[in-house]
Number of protein chains: 2
Amino acid sequence: MSKKEALIDATKQLLWEKGYEATSPRDIQALSATGQGSFYHHFDGKKDLAIAALEEISREMLDIMRDNLAAKGPAQQRLESYLCKPRESLKGCRVGRLANEISMQDPQLGQPMRAYFEELTELLKHAIREAQEDGSLPAHLDAGDLATTLLAVVQGGFVLSRAQDRTDIHQSIARSMINLLFGGEAR
Amino acid sequence: MSKKEALIDATKQLLWEKGYEATSPRDIQALSATGQGSFYHHFDGKKDLAIAALEEISREMLDIMRDNLAAKGPAQQRLESYLCKPRESLKGCRVGRLANEISMQDPQLGQPMRAYFEELTELLKHAIREAQEDGSLPAHLDAGDLATTLLAVVQGGFVLSRAQDRTDIHQSIARSMINLLFGGEAR
DNA sequence: GTCTATATATTGATAGAC
DNA sequence: GTCTATCAATATATAGAC
């Protein structure tokens, strides 16, 4: 693995563990076993490296999400699987975790984040429309609103997990949402 | 206003605007027009002051939430009002905004945050149970799970608002959730 | 209680050798 | 491309006068 890759890998890890502000160039160099030279040879500075790292994170996550949400099989099952996906709740979402530190504060750093959530919303919206077409979801629901809501409920689950130091939040949420979406009075 | 109060007020503001890591003692002193002396006379340091500020924030927010959720009137209306409450979405939740910076990292700082979400969950749970008793919500839903879900959807709304730089997220979410909870096929 | 001056460690970046 | 040495600015805290 090249030093450049090592720097990006270490940054990906530290952005997840500590966030942007709390991660220093020296932290990154220590974790990746590189010197100042490699750092500033390959990147303009901390921000530039963070952008590269966040872009990789976003790509990796979207690949996983696409595999799930755009797979074959019943749309209802894919949506339930999205809600029930195993998550490292206490560590937070690798992307959303950074929303309060960056985003609007810095348009460049915010761009990969915006792109991630926009594409994820689209994936969810398509699956929702499929579920409406095959009758497993009511047609009167707005697919865009519902996609945003599913995303929000998962992101909020990360926030609450960390805020309350609880590992069961996402399970509660998944049960509740699946019940509201697919469960009838009968269930 | 005493210097001590001024310090806490400034900290409350900066924690909301910039978060914990990005707020320095000097920032706080500048905003509150105080010197080093006042800062370290009244507080042990940055963390101690942040705890005091977060406790005040939590109290203020809970007072507002109690006024809404534990008010008289139909429970359904109170729950809808919680979802539709005007929010400064782009600034993030004054409490939840800090979940990724502190919480488990520091038990002391995390305590006011944990307390905030625990009490808010209870308030929501009670309102949900009332709605189930008067028939406006189905009895088969788990009130605890649903309370967590409502909280999560609002917290996630803040995350997405900032991540995508959009002001309409909470409205989409509120429409969607109210539809799922109270709207029948007819609506 | 409040202020100014000072101290130490860390941050983010640069310089220059190899 | 990579390393070590160094730097200016800032973060956080202490000292001591008033």
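Quick note on labels: first sequence line is chain A, next is B, and so on, each numbered from 1.
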Review point. Which of these passes side chain to side chain contact (heavy atoms under 4.5 Å, CB included) with A/Thr23: A/Leu31, A/Leu49, A/Ile28?
Key: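 Exactly one option meets the side chain to side chain contact (heavy atoms under 4.5 Å, CB included) with A/Thr23, and it is A/Ile28.
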**Study point:** Sidechain N-carboxylate O distance under 4.0 Å for A/Arg78, A/Glu130
**Key:**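 Looking at A/Glu130 together with A/Arg78, the answer is yes, because their closest N to O distance falls below 4.0 Å.
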Practice item. Taking only Lys NZ, Arg NE, NH1 and NH2, and the carboxylate oxygens of Asp or Glu, determine whether A/Glu17 and A/Lys91 approach each other closer than 4.0 Å. Key: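 Salt bridge absent between A/Glu17 and A/Lys91.
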Exercise for review: Could you check which of D/dA11, C/dC3, D/dC3 has an atom nearest any side-chain atom of B/Thr34?
Suggested key: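 Closest nucleotide among those given: C/dC3.
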Review point. If you check every side-chain atom of A/Ser24, which of C/dT11, D/dT2, C/dT2 has the closest atom?
Key: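 Taking heavy atoms from C-beta onward, the closest nucleotide is C/dT11.
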Please give, in whole Å, the distance from [N] [atom2] to [X] [atom1]?
| X | N | atom1 | atom2 | answer |
| --- | --- | --- | --- | --- |
| B/Leu49 | D/dT12 | CG | P | 12 Å |
| B/Leu7 | C/dG1 | CG | P | 13 Å |
| A/Glu5 | D/dT2 | CD | C1' | 16 Å |
| B/Asp48 | D/dT14 | CG | P | 12 Å |
| A/Arg26 | D/dA11 | CZ | C1' | 15 Å |
| A/Glu21 | D/dT12 | CD | P | 11 Å |
| B/Gln29 | C/dA5 | CD | P | 14 Å |
| B/Ile8 | C/dG1 | CD1 | P | 13 Å |

Review point. Does B/Gln36 make a side-chain donor-acceptor contact with the base of C/dT2, cut-off 3.5 Å?
Key: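 By the distance-only test, no, there is no pair.
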Side-chain N or O of [X] closer than 4.0 Å to phosphate OP1/OP2 of [N]:
| X | N | value |
| --- | --- | --- |
| B/Tyr40 | D/dT14 | no |
| A/Lys3 | D/dC3 | yes |
| B/His41 | C/dT2 | no |

Check your understanding: Of B/Gly37 and B/Lys46, whose nearest nucleotide on DNA chain D comes first from the 5' end?
Key ->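 Result of the comparison: B/Lys46.
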Exercise for review: Check A/Ala22 against A/Asp27 and note the closest heavy-atom contact, atom names and distance.
Suggested key: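 Where A/Ala22 meets A/Asp27 most closely, the heavy atoms are O-OD2, 3.5 Å.
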Review point. Do A/Arg87's NZ or CZ and the ring of A/Tyr82 fall within the cation-pi criteria of under 6.0 Å and 45°?
Key: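 Pair A/Arg87/A/Tyr82 counts as cation-pi.
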